[in-house]
Amino acid sequence: MSNQPEAPEKGKDFVRQIIDKDLETGKYGDRVQTRFPPEPNGYLHIGHAKSICLNFGIAEDYNGRCNLRFDDTNPVKEDTEYVDSIKEDVHWLGFDWKENEFFASDYFERFYAVAELFIRAGKAYVDDLSAEEIREYRGTLKEPGKNSPYRDRTPEENLELFRKMRDGDFGDGERVLRAKIDMAAPNVVLRDPTLYRIKHADHHRTGDAWCIYPMYDFAHCLSDYFEGITHSICTLEFENNRPLYDWVLDALIECIGSGACGDDTTAVTGGGATPQERPYQYEFARLNISGTVLSKRKLIQLVQEGHVDGWDDPRMPTISGFRRRGYTPESIRDFCDRIGVAKADSMVDFALLEHCVRQDLNERAPRYLGVLHPVKLIIENYPEDQEDVFEMPLHPEDESVGTRKVPFCRELYIERADFMEDAPKKFFRMSVGREVRLRFAYYVTCTGFEKDAEGNITEIRATYDPATKGGWSDDGRKVKGTMHWVSARHAAKAEVRLYDRLFTEENPGNPGGDKTFLDCINPDSKEVRTECWVEPALADMQPGTHFQFERTGYFIADAKDHKPGDKLVFNRTATLRDSWAKIAKKG
RNA sequence: UGGGGUGUAGCCAAGCUGGUAAGGCAACGGGUUUUGGUCCCGUCAUUCGUGGGUUCAAGUCCUACCACCCCAGCCA
């Protein structure tokens, strides 16, 4: 530990640098409070994971708190199914909001109190203009808007109308409450933004208690304020809304300061030590990943139109999709650490995410043998009634993981791709006359093969060398190739689901031309193989277990369909890096 | 002349007080290896969107320009 004044720590993102400064100046004392504020109108995706890691990560780093707050101000879009999935996903990622679980809907009464306060202070008015008229009056990006004819109603009149709005005296869309700011503001967000709208709709938590609901710009900053948030971190598209965020809070603090809210200020004051201790908003670039879409609208469309098998389809970039695919929370958090936090729009290479899972799974996944595209291999000189049982390590770099027993007999299954009739020099696997190693078993030399009428190879034959038991030889003989295998007599049958990228384009969200993202869907993104043979040890594997099929890839026993001892179902998480594929491609 | 942002390698991204371009991914070589995996070692920006300027010295300061993103929901 040194006492030297530290320059901002190298590599710290700009948000943490801001927090460092605020801590230095004591802007909030030593308090650091963030929040993750999803709207419960869809499942969380990897883009949310970036925000979750940022907000909860900051709370951890600075010994602060991070609230989970549901931004549920629009009853027609929201549902409790989504709040349940969001909680599950945040927990799964490894974060805990403890008792700090909030809903914007819990503040409806307080929002309403602030609205009345603004009306009394002449900062808000009820407008009778229709939605269309409001749009016309707003002007355009380059031309100023004009005032609504209802803009100068008295506070008394506004208060009466607003109460009638709350009482349900008007139909949807007949009135709105607007902030009185500036219809000529160059930032259109400030041209008298809507604060409340009428929606006679049941809310997933408040039922029919309300028929007016606050808008995001009004509710979000107030929620932050009520909860004593210090740093309100959101994505870049909200940069335009920041002046409004500031306007609402400044207006409220001004009202409190002027005594406008009377003796009892508890309904409108914030969670800071003083009313002035208010949150500020900071924006970072949202995550984009190559080869997928991360927009809620598009994801919900994929689910509802049946292009995928639900929100947790292993091809989906949702948290639940990655979970079912076999990604670990550690790998996703590592990914979020590596991509950084900045303000430049960016598109992260999917290969980085894949690298993160591979790295994590390489360390922790036990190894097994499984043949996905089987062809029979007959060891001609191995007696029919003989068997071996080999004890194989579960992990090549970590003995402590232990071993498992793998039976061997005369008839085996090997991978079709491990045999070539006319093998090039660089092909190290099986071909007539060549000797290869069967992993941890024996050296075998291929003697021939058989084909059916269509020319498909139906059976491969070989002889084994009993002196190479265990898969090695001390006579200086070398084999270049090592192959995995499964004893036909002992193998368990399994269904293996091979997943590939869901889209064919690098940026399916913006494919160019007349194409939409749906036109970019990869028709071969899912291959279900029902005739796979795996070593017997996998028969009692529990759902959700990660493992590696040696030489093939990382897999997980499917959480929903895999039944130990009955139906075996494995999802491919990621392939292993395949340098042979590169060599073969080069020719 | 609407306003607000952003431009550092194929992809992310450090760089803050000007001193001679971190790191990761990808790619490409080589070594180790009973997984063509892992691991190890090496290569990969004479240049920071562009042009001017200030300075002994500019990715960092000034200036002009260019490109891209966001904003006209009673969505968030």
Side-chain angles (χ1 to χ4, degrees), chain A residues 7-8 10-14 17 37-39 41 71 73-74 76-77 127 129-131 134-136 138-145 172-178 185-191 193-199 212-213 215-217 219-220 234-243 283 285 290 296-297 337-356 358-359 362-363 367 369 392-393 396-397 426-429 437-441 443 470-472 479-484 548-553 575-584:
Chain A
K10 199 166 186 178
K12 255 192 190 182
D13 61 71
F14 77 98
Q17 290 180 22
E39 183 190 13
N41 68 342
D71 228 333
T73 55
N74 187 355
V76 303
K77 287 191 174 178
D127 197 345
L129 256 29
S130 69
I134 285 182
R135 197 185 323 126
E136 282 162 15
R138 187 151 34 224
T140 70
L141 293 177
K142 296 190 179 185
E143 302 156 35
D172 288 6
E174 282 183 33
R175 300 281 192 296
V176 289
L177 183 73
R178 293 230 255 168
N187 179 352
V188 293
V189 169
L190 296 178
R191 317 241 259 235
T194 302
L195 265 22
Y196 266 92
R197 77 286 216 189
I198 299 170
K199 272 184 200 281
I212 57 171
Y213 293 93
M215 297 289 289
Y216 166 86
D217 286 306
H220 195 89
C234 62
T235 45
L236 246 33
E237 67 268 26
F238 290 100
E239 238 163 356
N240 296 313
N241 301 52
R242 188 172 62 217
E283 311 86 8
S290 62
K296 269 195 190 176
R297 205 205 94 239
D337 283 344
R338 289 174 185 241
I339 57 179
V341 178
K343 297 200 67 159
D345 293 313
S346 61
M347 169 87 71
V348 177
D349 194 335
F350 191 89
L352 179 60
L353 222 199
E354 246 184 349
H355 167 83
C356 292
R358 287 199 185 108
Q359 184 177 278
N362 176 53
E363 277 180 37
R367 317 284 141 123
L369 303 182
M392 300 192 191
E397 280 107 41
K426 288 179 178 170
F427 186 77
F428 299 157
R429 287 113 87 156
R437 170 167 40 235
L438 293 179
R439 182 117 163 116
F440 289 116
Y443 286 5
W472 63 283
V479 291
K480 277 192 191 153
T482 299
M483 294 166 33
H484 60 279
Q548 181 193 100
F549 274 137
E550 291 210 23
R551 303 211 306 133
T552 300
T575 60
L576 255 32
R577 291 186 65 196
D578 186 356
S579 52
W580 162 244
K582 283 181 187 172
I583 295 166

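Convention: sequence-line order gives letters A, B, ...; per-chain numbering from 1.
- Asp345(A) contributes no side-chain N or O that forms a donor-acceptor pair with the base of rG5(B) under 3.5 Å.
- Put simply, the side chain of Glu239(A) and the base of rG3(B) share no donor and acceptor less than 3.5 Å apart.
- Atoms CD and CD1, on Glu174(A) and Ile198(A) in that order, are 6.5 Å from each other to the nearest 0.5 Å.
- For Asn187(A) against rC71(B), a side-chain-to-base donor-acceptor contact under 3.5 Å is absent.
- Checking the phosphate oxygens (OP1, OP2) of rC39(B), no side-chain nitrogen or oxygen of Gln359(A) falls inside 4.0 Å.
- At a threshold of 4.0 Å, the pair Lys77(A)-Glu39(A) does not count as salt-bridged, since none of the basic side-chain nitrogens sits closer than that to a carboxylate oxygen.
- Distances shorter than 4.0 Å separate some side-chain N or O of Arg577(A) from OP1 or OP2 on rA27(B).
- Residue Leu141(A) is classed as a base contact, given a heavy-atom separation below 4.0 Å to a base.
- Qualifying ring pair (Phe, Tyr, Trp, His ring centres under 6.0 Å) partners for Tyr443(A), counting only residues two or more places apart in sequence or in other chains: none.
- Comparing atom distances between the Glu397(A) side chain and each of rG37(B), rC12(B), rC70(B) picks out rG37(B) as nearest.
- In this entry the distance linking CG of Asn240(A) with C1' of rG4(B) reads 5 Å, nearest Å.
- Atoms NZ and NZ, from Lys426(A) and Lys480(A) in turn, are 10.5 Å apart once rounded to the nearest 0.5 Å.
- Taking atom C1' in both rA9(B) and rG4(B), one finds a spacing of 29 Å when rounded to whole Å.
- Counting to the nearest Å, the P atom of rU1(B) and the CD atom of Glu143(A) are 14 Å from each other.
- Take His220(A) and apply the ring pair (Phe, Tyr, Trp, His ring centres under 6.0 Å) test, not counting sequence neighbours, and it matches Tyr216(A).
- Residues Lys582(A) and Asp578(A) form no side-chain contact, since every pair of their non-hydrogen atoms from C-beta on lies 4.5 Å or further apart.
- For the pair Asp13(A) CG and rG24(B) P, the interatomic distance rounds to 19 Å; values are reported in whole Å.
- In this structure, CG of Asp349(A) is placed 10 Å from P of rC11(B), rounded to the nearest angstrom.
- In this entry the distance linking CG of Leu352(A) with C1' of rC11(B) reads 9 Å, nearest Å.
- Leu438(A) comes within 4.0 angstrom of no nucleic acid atom, judged by non-hydrogen atoms across all strands.
- For the pair Arg338(A) and Ala344(A), nearest-nucleotide mapping onto RNA chain B gives the more 5' position to Ala344(A).
- Leu236(A) has its CG atom 13 Å from the C1' atom of rG7(B), to the nearest Å.
- In this structure, CZ of Arg358(A) is placed 12 Å from P of rC25(B), rounded to the nearest angstrom.
- If you take OG1 on Thr482(A) and CH2 on Trp472(A), they are separated by 15.0 Å, rounding to the nearest 0.5 Å.
- Between the side chain of Gln548(A) and the base of rU35(B), at least one donor-acceptor pair of N or O atoms lies under 3.5 Å.
- Side-chain N or O atoms of Arg358(A) include one that pairs as donor or acceptor with a backbone N or O of Thr575(A) at under 3.5 Å.
- Regarding contacts with the backbone of rG36(B), a side-chain N or O of Arg551(A) is found under 4.0 angstrom from either OP1 or OP2.
- Distance check, rounded to the nearest 0.5 Å: CG of Leu236(A) to NZ of Lys343(A) gives 6.0 Å.
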Dump the pairs, protein N or O against N or O of nucleotides 74-76 of chain B, anything under 3.5 Å, distances to one decimal.
from, atom 1, to, atom 2, distance (Å)
rC74(B), OP1, Arg138(A), NH2, 3.3
rC74(B), OP2, Arg138(A), NH1, 3.4
rC74(B), N3, Gly173(A), O, 3.4
rC74(B), N4, Leu129(A), O, 3.1
rC74(B), N4, Ala131(A), N, 3.0
rC74(B), N4, Gly173(A), O, 3.0
rC75(B), OP2, Arg197(A), NE, 2.9
rC75(B), OP2, Arg197(A), NH2, 2.7
rC75(B), OP2, Lys199(A), NZ, 3.3
rC75(B), O3', Arg197(A), NH2, 3.2
rC75(B), O2', Asn74(A), ND2, 3.2
rC75(B), O2', Lys77(A), NZ, 3.3
rA76(B), OP1, Thr73(A), OG1, 2.7
rA76(B), OP1, Arg197(A), NH1, 3.4
rA76(B), OP1, Arg197(A), NH2, 3.0
rA76(B), OP2, Tyr216(A), N, 3.0

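- Pro243(A) comes within 4.0 angstrom of no nucleic acid atom, judged by non-hydrogen atoms across all strands.
- At the heavy-atom level, Arg429(A) lies under 4.0 Å from base atoms of the strands shown.
- Phe427(A) comes within 4.0 angstrom of a nucleotide base, judged by non-hydrogen atoms across all strands.
- Spacing of P atoms, rU46(B) relative to rC11(B), comes out at 15 Å, to the nearest Å.
- Taking atom P in both rG15(B) and rG30(B), the straight-line distance is 37 Å, to the nearest Å.
- Atom P of rA76(B) sits at a distance of 47 Å from the matching atom of rC39(B), rounded to the whole Å.
- Comparing atom distances between the Lys343(A) side chain and each of rU6(B), rU38(B), rU35(B) picks out rU6(B) as nearest.
- Taking the P atom of each, rU17(B) and rU1(B) are spaced 36 Å apart, rounded to whole Å.
- Ser579(A) comes within 4.0 angstrom of sugar-phosphate atoms only, judged by non-hydrogen atoms across all strands, and of no base.
- Within the nucleic acid shown, Arg437(A) comes within 4.0 Å of at least one base atom, counting heavy atoms only.
- Considering CZ of Arg367(A) and CZ of Phe549(A), their distance stands at 13.0 Å, rounded to 0.5 Å.
- A donor and an acceptor atom never sit less than 3.5 Å apart when one is taken from the side chain of Glu354(A) and the other from the base of rC25(B).
- Residue Lys582(A) places at least one side-chain N or O closer than 4.0 Å to OP1 or OP2 of rC28(B).
- Put simply, His484(A) has no side-chain N or O that comes within less than 4.0 Å of OP1 or OP2 on rU35(B).
- Spacing between atom CZ of Arg242(A) and atom P of rG3(B) amounts to 16 Å, rounded to whole angstrom units.
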